[in-house]
Every structure is written in structure tokens, then in C-alpha cells.
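We count ligands from 1, going down the list as the structure has it; atoms in each ligand are counted the same way.
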Amino acid sequence: MAVEVRPLRLRDHSAVVALLDACGLHPRTRGRDSRSAFAGQLRSNRALYLGAFDGPRLVGMVLGTHDSRKGWINRLAVYPEYRRRGIGRRLVRACERALQGLGLGVFAALIEPRNDPSTAFFESLGYEPTQIRYVRRKLRQDL
Ligand SMILES: CC(C)(COP(=O)(O)OP(=O)(O)OC[C@H]1O[C@@H](n2cnc3c(N)ncnc32)[C@H](O)[C@@H]1OP(=O)(O)O)[C@@H](O)C(=O)NCCC(=O)NCCS
């Protein structure tokens with residue numbers, strides 16, 4: 001069966017958490033990956049939260065967001081047994097198209113320093129690595 005890319009829905013939430021977990025992306029189920037947080041994010045980022053489905057099974061995902069200046073590619077994940085089949089590329093390109101439809105022309109992603117496969121993936125899609133250091137402050141550690 002062909003893998004189909006389509007918008008995520010609230011009913012996909014538990015599959016999203018399982019996929020993030022399996023891909024080592026540490027879902028914050030008491031914080032920004034909780035069901036209620038996900039529901040709110042879906043309302044704000046309609047058509048940017050995308051899943052790749054093999055039949056009913058969620059096998060890949062990307063959460064697109066934007067800050068009105070840049071489009072952000074977040075939480076890109078594909079189950080190991082589905083990798084290197086172009087699913088990640090399809091997800092990112094679909095997300096970029098949706099962001100472009102909102103008037104955005106700059107796309108960016110944050111990558112952990114030792115995640116060389118992900119860096120290679122984004123470079124293969126035309127993304128340029130930068131030396132920018134990311135800083136953050138959390139009001140609570142579980143957010
Ligand atoms: C990064 C990830 C989403 C890529 O998904 P994918 O479906 O395997 O990617 P694609 O098949 O679309 O790969 C497209 C191209 O990216 C490059 N690429 C992908 N994975 C790569 C790897 N492990 N090493 C080197 N290059 C890689 C290749 O050029 C590939 O094209 P090719 O297969 O024709 O050589 C997947 O490896 C993953 O889920 N990793 C764990 C989670 C993660 O780190 N997410 C990123 C957070 S920033």
C-alpha cells in the first residue's frame with residue numbers, strides 16, 4: 001500500500017506520541033505534547049501538522065509552525081523500518097508548500113548537535129547549516 005501524507009487530527013495523538021518516543025524525540029506528554037496542548041496546536045497550525053500513513057498506521061510526521069517571519073520544521077520523525085524511502089522528504093516538502101501558501105519563504109529546523117543523520121537529511125533538501133546557538137528558558141521543566 002502507498003504511503004499517504006495528510007493532515008494530522010486529534011485522534012492521531014496517541015500514535016504521534018508513540019512515534020516520537022520510538023524515534024528518540026522524547027515526547028513531553030505533560031507539556032507541549034499533551035493531548036490538550038496538541039489540540040490547541042492543531043487549531044493554530046491547521047494543514048501544517050502532517051502525518052505519513054501506511055493504511056491506518058502513522059509511520060512519519062512533521063509539525064510545521066511559523067512565527068510570521070520564518071516557517072519552522074519541528075518534530076520530524078519516521079519509524080526506522082520506513083526510513084530511506086523518501087517519506088521524510090515528502091513530509092518536509094508538503095510542510096514547506098503549506099507554509100509557502102501562508103506567505104512564508106524561509107524554512108528552518110533546529111537539530112541536536114550530534115544528530116548527523118538529520119543534518120545530512122536537511123542538507124540533502126537544500127538547507128544550509130548555520131552556527132547559530134539556540135537558547136531557551138522554561139517556566140517549568142516538564143513544558
Ligand atoms: C531524519 C529522518 C526523519 C529522515 O527520514 P527518512 O524518511 O529516512 O528520509 P528520506 O528517506 O526522505 O531521506 C532523504 C535524503 O536525506 C538523506 N538522509 C536521510 N537519512 C540519512 C542518514 N541516516 N544518513 C545520511 N543521509 C540521510 C539522504 O540524502 C536521503 O536520500 P537517499 O535515501 O536517496 O540517499 C529520520 O531519519 C528520523 O526519523 N530520524 C529520527 C528522528 C530525528 O532525528 N528527527 C529530526 C529532528 S531535527
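Nearest protein heavy-atom contact of atom 14 (C) of ligand 1 is R89 NH2, 3.5 Å. The nearest heavy-atom contact from the protein to atom 35 (O) of ligand 1 is R84 NH2, 2.9 Å. Of the protein's non-hydrogen atoms, the one nearest atom 15 (C) of ligand 1 is S124 OG, 3.3 Å. Looking only at heavy atoms of the protein, atom 39 (O) of ligand 1 is closest to V78 N, 2.9 Å. Counting only heavy atoms of the protein, atom 13 (O) of ligand 1 lies nearest to F121 CD1, 3.6 Å. At the top of the distance list for atom 41 (C) of ligand 1, counting protein heavy atoms only, stands R83 NH2, 3.4 Å. Of all protein heavy atoms, the one lying nearest to atom 42 (C) of ligand 1 is L76 O, 3.7 Å. Protein heavy atom at the shortest distance from atom 7 (O) of ligand 1 is G88 N, 2.8 Å.
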Please test E4 against R57 for salt bridge (Lys or Arg N to Asp or Glu O under 4.0 Å), starting from the C-alpha separation and ending with a verdict. CA-CA 10 Å; E4 184 196 0; R57 186 183 178 205; over 6 Å; no
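Taking distance alone, with nitrogen or oxygen atoms compared against 3.5 Å, N115 approaches ligand 1 more closely than that limit.
A side-chain donor-acceptor contact under 3.5 Å links R32 to the backbone of L143. The backbone N or O of P27 sits nowhere less than 3.5 Å from a side-chain atom of D33 that would complete a donor-acceptor pair. Of the possible donor and acceptor atoms, none in the side chain of R140 sits under 3.5 Å from a partner among the backbone N and O of K138. R35 places no side-chain N or O within donor-acceptor distance of the main-chain N or O of R11, the cut-off being under 3.5 Å. Counting only distance, with no hydrogens or angles, the side chain of D12 and the backbone of L8 share no donor-acceptor pair below 3.5 Å.
Contact annotation for atom 2 (C) of ligand 1: protein absent (non-hydrogen atoms, distance under 4.0 Å).
In this structure, W72 and L63 have side chains that are not in contact, with every pair of non-hydrogen atoms separated by 4.5 Å or more.
Cation-pi geometry between R136 and Y134 is not met: the NZ or CZ atom fails to fall both under 6.0 Å from the ring centre and inside 45° of the normal. A cation-pi arrangement is not found for R89 relative to F121, the charged atom failing to lie both closer than 6.0 Å to the ring centre and inside a 45° cone about the ring normal.
Set against the non-hydrogen atoms of A120, the atoms of ligand 1 under 4.0 Å away are 25 (C), 26 (N). Taking every non-hydrogen atom of R85 and a distance limit under 4.0 Å, the qualifying atoms of ligand 1 come out as 11 (O). Applying the 4.0 Å criterion to heavy atoms of A77 picks out, from ligand 1, the atoms 39 (O). Residue G86 approaches ligand 1 through these ligand atoms, each under 4.0 Å from one of its heavy atoms: 10 (P), 11 (O), 12 (O).
Residue contacts with ligand 1: L110 is included, with a non-hydrogen atom under 4.0 Å away.
At a heavy-atom cutoff of 4.0 Å, ligand 1 is contacted by no atom of R90, backbone or side chain.
In this pair, F122 and Y127 present their aromatic rings perpendicular. The plane angle is above 60°, beyond the 30 to 60° band.
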